[in-house]
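Remarks on the structure that follows.
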Amino acid sequence: MVTKVKNKFYITTPIYYVNDQPHIGHAYTTIVADVLARYYRQKIGKENVYFLTGTDEHGAKVAESAALKNISPQKFTDQISQQFKDAWQNLAITNDDFIRTTESRHQKIVVNILNKLKAVKTPAGNEVLYETDYEGLYCVGCEKFILESELVDGKCPDHNKEPEQVKEKNWFFKLADYLSIIQQKIESDELTIYPKARKNEVLGLIKQGIPDFSISRSKKSVPWGIDLLWDKNQKAYVWVDALSNYITALDYPKGKLYQKFWPADIQLMAVDILKFHTLYWPAILLALDIPLPKILAIHGFFTINGQKMSKSLGNVVHPDELVKEYGAEVTKYLILSQFSFGSESDIKVEEFPNKYNADLVNGLGNLVNRITKMVEEYLKGKIKIDDLENISLKIGTEEMIEQLNFKEALFKIWARIQDCDTAIDQDKPWILAKSKNIKDQEKLKSVLGKYIKDLYIISINLKPFMSETAAKILKIITASKIKKPATPLFPRK
RNA sequence: CGCGGGGUAGAGCAGUUGGCAGCUCGGCAGGCCCAUAACCUGCAGGUCGUGGGUUCAAAUCCCACCCCCGCAACCA
C-alpha cells in the first residue's frame with residue numbers, strides 16, 4: 001500500500017452534510033486530500049490531478065433545520081455550503097471542484113443514473129430496483145421515521161408523542177445480488193480497503209448479511225430532494241443522490257473529466273460512512289457497469305482531550321478558530337502531526353501551543369534564523385551552492401505520504417531539522433569564522449553550504465504540507481544575498 | 001450477548017516479516033554563544049494490562065482472562 005499512481009490522480013473527500021458547520025473532522029479529511037493532491041501535482045503535473053470535495057444538501061434534516069430558521073431549504077443550504085467553502089479557503093485547500101447536490105449539473109445526472117438503474121438487471125437476472133414496503137415508526141411531529149432506539153419511554157423525545165407504525169412503499173436496491181462480487185473484489189484488493197482492519201470489518205459485515213437499501217422515500221418523509229421520474233410520490237433517498245457526486249462532478253458519462261479521471265485513485269472518508277462507501281457505492285457502480293474506485297481509505301474519529309467530540313458536550317473544534325490563532329499552514333501541521341490516519345486519535349488542544357513552539361518556533365524557524373544569520377555575517381550573505389538541482393531530495397517523506405502516514409512523513413522532515421542543528425553544534429562555524437587560516441575559511445564555506453542545502457531539502461519535502469512556508473524559505477536561501485529574515489518565520493507565542 | 005478499537009517511561013504515542021524496548025514533550029545535570037531565553041550532549045524513568053503456551057528468541061504468534069473507549073444523537 002498504498003497509492004500507485006501513473007499518469008493521473010483523482011482524489012475525493014466525502015461531500016459533507018450541511019446540517020452543521022465545518023469542524024475539525026471535516027477539516028482533517030480535507031487537509032489529507034489536499035496534501036495528497038499537492039504531492040501528486042508536484043509529481044505528475046498539475047493537469048493530471050483532480051481533487052473534488054463538496055456538500056450533501058438534501059434530506060429531511062436539512063428541510064427541518066431550514067424550517068427552524070424560517071428560511072427556504074435552498075437558502076439554508078446556500079449559507080452552510082458557503083461556510084464550508086470559506087473554511088477550505090481559509091485553510092488554503094486546493095480543491096479543483098466543489099460540488100453541491102442541489103446544483104442542476106448534479107441533479108440532472110442523478111436523474112439519468114436513477115433511470116438507468118431502473119432499467120437494468122442484476123447479474124442474477126433480477127431488477128436492480130424493486131418496490132416494497134418500508135415499515136417503521138413515524139413521528140407526526142417530526143414528520144419523519146424514527147428508530148426505536150431514539151425513543152424515550154416509547155415516545156419521541158422532541159415531541160413527547162408516541163410514534164405511529166407506518167408502512168410506505170419505497171424503491172429498494174437489490175444489494176444482495178452484488179455482495180459476493182464485491183466481497184471477492186475486496187478480498188483480492190482489486191477494491192482496496194485501507195487500513196486492513198477496516199477491510200476485515202467490511203468483510204465481517206458482509207458475512208453478517210447486509211439488507212438491501214432503499215433508494216427512495218415518500219415526499220412527505222423526505223420533502224427536500226430529487227424526484228423519481230417514474231414514481232411521482234417518491235424522492236431519491238440519500239444513497240444514490242449523494243454517492244454519485246463522485247461521478248456527476250466529472251460530468252458522467254460523456255464528460256472529458258470523466259473520461260480522463262475515473263476511476264478514482266483514492267476516496268477518503270471517516271469510519272461513519274464506511275458501509276455506504278464500501279458496499280452501497282460499489283454496488284451502484286457495478287449495476288451501472290462503471291469501474292470501481294481503486295482505494296477507499298478510512299480514517300478514525302477524533303477525540304478531543306480524551307472525550308468524544310459532540311455538540312452536546314460542547315467540545316467541537318472548528319477549523320476557523322485554529323486558523324485564526326495559527327494561520328492555515330500551522331493548523332495543517334498541528335493536525336497532521338498529531339493524528340494517525342488509520343486509528344482513532346486524541347487531539348489535545350491545550351498541547352497545540354507547546355507543539356507550535358517546540359516544532360515550528362524552536363525547530364524550523366530557529367534553524368532558518370541561525371543559518372541565514374551566519375551566512376549573512378560571516379560571508380556577507382554570499383555563498384556559492386553547486387547545482388541544487390542535482391542533490392538528492394529523498395529523505396523518505398515520499399514513501400510515507402504515499403502510505404498516508406503523514407505523521408511519519410513530517411517526522412522525517414523534522415529529523416532532518418534536528419540533524420542539521422546537531423551538525424551546526426559540532427562544526428562550530430562561529431569558531432571557524434574567527435580563524436584566519438585558509439583551511440578554516442574553506443571549511444566554513446563548505447559547512448554553511450551544507451546547511452543551506454539542508455534547508456533546501458527540508459523546504460522541498462515540506463511543500464505538500466506547508467507550501468507557503470517552503471516558498472518563503474526557498475526565496476530566502478536562493479536570494480543573491482542571503483539575509484536573516486527581518487521577522488521570524490514563526491513568532492513565539 | 002455480540003461487533004470494532006485500545007491497554008508500552010510522569011504525559012502523549014511508534015514499534016512493519018518474532019531478533020538488544022524506542023520517539024516527542026516534561027524532569028535532572030552539563031555544554032554552546034550562530035540563533036526566536038532558542039540549540040547540542042548526557043542521565044533518570046518501563047514486571048510492554050494479567051496468567052499460560054509455542055520458540056534458541058515474544059511488545060510482536062496462539063489460548064484464556066481483566067480493564068478502558070465506541071457501536072444513541074450531532075458527525076469526518
Side-chain angles (χ1 to χ4, degrees), chain A residues 1 13-17 19-33 53 61 65 146-152 157-158 197-198 200-202 204-205 207-208 268-274 298-303 305-314 316 319 337-340 342-348 351 354-355 357-378 403 405 407-408 411 414-415 417-433 444 447-448 451 484-485 487-493:
Chain A
M1 246 306 275
T13 74
I15 46 173
Y16 306 116
Y17 199 54
N19 206 30
D20 195 19
Q21 295 169 7
H23 56 61
I24 195 169
H26 303 107
Y28 178 74
T29 317
T30 312
I31 290 168
V32 164
T53 187
K61 275 182 199 154
S65 302
I146 182 166
L147 294 172
E148 204 160 330
S149 52
E150 294 178 78
L151 301 179
V152 177
D158 292 338
R198 296 299 176 195
N200 295 339
E201 194 176 337
V202 175
L205 277 176
K207 226 184 251 171
Q208 282 173 36
L268 300 169
M269 72 207 69
V271 276
D272 57 334
I273 46 178
L274 173 77
I298 295 102
H299 67 78
F301 274 157
F302 285 80
T303 54
N305 301 325
Q307 276 186 312
K308 188 168 176 172
M309 182 168 70
S310 81
K311 262 196 208 168
S312 37
L313 288 172
V316 178
S337 64
Q338 200 162 137
F339 194 81
S340 298
S343 49
E344 305 226 333
S345 297
D346 194 42
I347 287 285
K348 294 225 176 301
E351 283 297 318
N354 286 342
K355 188 94 178 138
N357 282 329
D359 293 358
L360 297 166
V361 179
N362 300 346
L364 183 56
N366 182 55
L367 182 68
V368 169
N369 274 12
R370 66 193 302 212
I371 293 173
T372 51
K373 172 75 179 181
M374 288 191 284
V375 174
E376 183 182 355
E377 200 147 304
Y378 304 153
Q403 289 170 30
N405 195 344
K407 199 174 172 177
E408 189 65 25
F411 190 77
W414 259 259
I417 292 172
Q418 197 182 3
D419 287 349
C420 194
D421 268 326
T422 307
I424 294 173
D425 264 59
Q426 283 169 357
D427 296 335
K428 300 188 186 10
W430 49 91
I431 306 262
L432 298 172
L444 177 66
V447 295
L448 290 180
Y451 308 150
K484 183 184 148 193
T487 51
L489 245 38
F490 304 104
R492 180 165 301 279
K493 285 201 195 282

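Only heavy atoms go into these numbers, but all of them, side chains included; no hydrogens, no water, no symmetry mates. Chain letters run A, B, ... following the sequence lines, proteins first, then strands; residues in each count from 1.
Every salt bridge (Lys or Arg N to Asp or Glu O under 4.0 Å) that A/Lys355 has, sequence neighbours left out, goes to A/Asp359. With sequence neighbours left out, the side chain to side chain contact (heavy atoms under 4.5 Å, CB included) criterion links A/Asn366 to A/Arg370. Remark: A/Thr29 engages A/Thr13, A/Pro14, A/Tyr16, A/Leu268, A/His299 in a side chain to side chain contact (heavy atoms under 4.5 Å, CB included) (not counting sequence neighbours). Listed by chain and number, the residues in a salt bridge (Lys or Arg N to Asp or Glu O under 4.0 Å) with A/Glu377 are A/Lys373 (sequence neighbours excluded). Residues passing the side chain to side chain contact (heavy atoms under 4.5 Å, CB included) test with A/Ala415, sequence neighbours excluded: none. Every residue was checked against the side chain to side chain donor-acceptor pair (under 3.5 Å) condition with A/Lys493, not counting sequence neighbours, and none meets it. Residues forming a side chain to side chain donor-acceptor pair (under 3.5 Å) with A/Ser65 (at least two apart in sequence, or on another chain): A/Asn19.
In this structure, the CG atom of A/Asp427 is 14 Å from the P atom of B/C33, given to the nearest Å. Atom pair A/Gln403:CD and B/A14:C1' shows a separation of 14 Å (rounding to whole Å applied). In this structure, the CD1 atom of A/Ile431 is 15 Å from the P atom of B/G31, given to the nearest Å. In this structure, A/Leu274 atom CG and B/G5 atom C1' are separated by 13 Å, rounded to whole Å. Summarising the geometry, the separation between CD1 on A/Ile424 and C1' on B/A38 is reported as 12 Å, rounded to the nearest angstrom. We find that CZ of A/Arg492 is positioned 5 Å from C1' of B/U36, with the value rounded to whole Å. What separates CZ of A/Phe411 from C1' of B/G15 is a distance of 13 Å, to the nearest Å. As a whole-Å value, the separation of A/Asp359 CG from B/G26 C1' is 14 Å.
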Using the 3.5 Å cut-off, write out each protein N or O paired with an N or O of nucleotides 39-41 of chain B and the distance between them.
| residue | atom | partner | partner atom | Å |
| --- | --- | --- | --- | --- |
| B/C39 | O2' | A/Arg370 | NH1 | 2.8 |
| B/C39 | O2' | A/Asp425 | OD1 | 3.3 |
| B/C40 | O4' | A/Asp425 | OD2 | 3.2 |

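Rounded to whole Å, the C1' atom of B/U8 lies 12 Å from the corresponding atom of B/C23. Between B/G52 and B/A57, the two P atoms lie 16 Å apart (nearest whole Å). If you take atom P in B/C69 and the same atom in B/C1, they sit 15 Å apart, rounded to whole Å. Atom C1' of B/G12 sits at a distance of 30 Å from the matching atom of B/A73, rounded to the whole Å. Comparing B/C40 with B/G45, their P atoms sit 24 Å apart, to the nearest whole Å. Comparing B/U47 with B/A9, their C1' atoms are spaced 13 Å from each other, to the whole Å. Across B/C67 and B/G49, the matching P atoms stand 16 Å from one another, rounded to whole Å. Separating the C1' atom of B/C63 from that of B/A58 is a span of 15 Å, rounded to the nearest Å.
When heavy atoms are screened at a 4.0 angstrom cut-off, A/Ile273 is found touching the sugar-phosphate backbone but no base atom. When heavy atoms are screened at a 4.0 angstrom cut-off, A/Pro488 is found touching base atoms of the nucleic acid. Nucleic acid contact for A/Met374: base, since at least one base atom lies under 4.0 Å from a heavy atom of the residue. If you check every strand for non-hydrogen atoms under 4.0 Å, A/Phe490 touches a base.
Paired regions of RNA chain B, where each region holds three or more successive Watson-Crick or G-U pairs whose two hydrogen-bonding distances fall under 3.5 Å, are B:2-7 with B:66-71, B:10-13 with B:22-25, B:27-31 with B:39-43, B:49-53 with B:61-65.
Atom-to-atom distance recorded for A/Ile371:CD1 and A/Leu448:CG is 8.5 Å, nearest 0.5 angstrom. Once rounded to the nearest 0.5 Å, the distance linking CG of A/Leu444 with CD1 of A/Ile431 reads 11.5 Å.
Side-chain contact check for A/Tyr28 versus A/His26: every heavy-atom pair is 4.5 Å or farther apart.
Minimum interatomic distance between A/Ala423 and A/Tyr451 (heavy atoms only, all atoms of both residues): O-OH, 3.8 Å.
A/Lys484 has a side-chain polar atom (N or O) that falls below the 4.0 Å cut-off from OP1 or OP2 of B/U36.
When each of A/His26 and A/Asn354 is assigned the nucleotide of RNA chain B bearing its nearest heavy atom, the one mapping closer to the 5' terminus is A/Asn354.
If you check B/A35, B/C33, B/A76 against the side chain of A/His23, the one that comes closest is B/A76.
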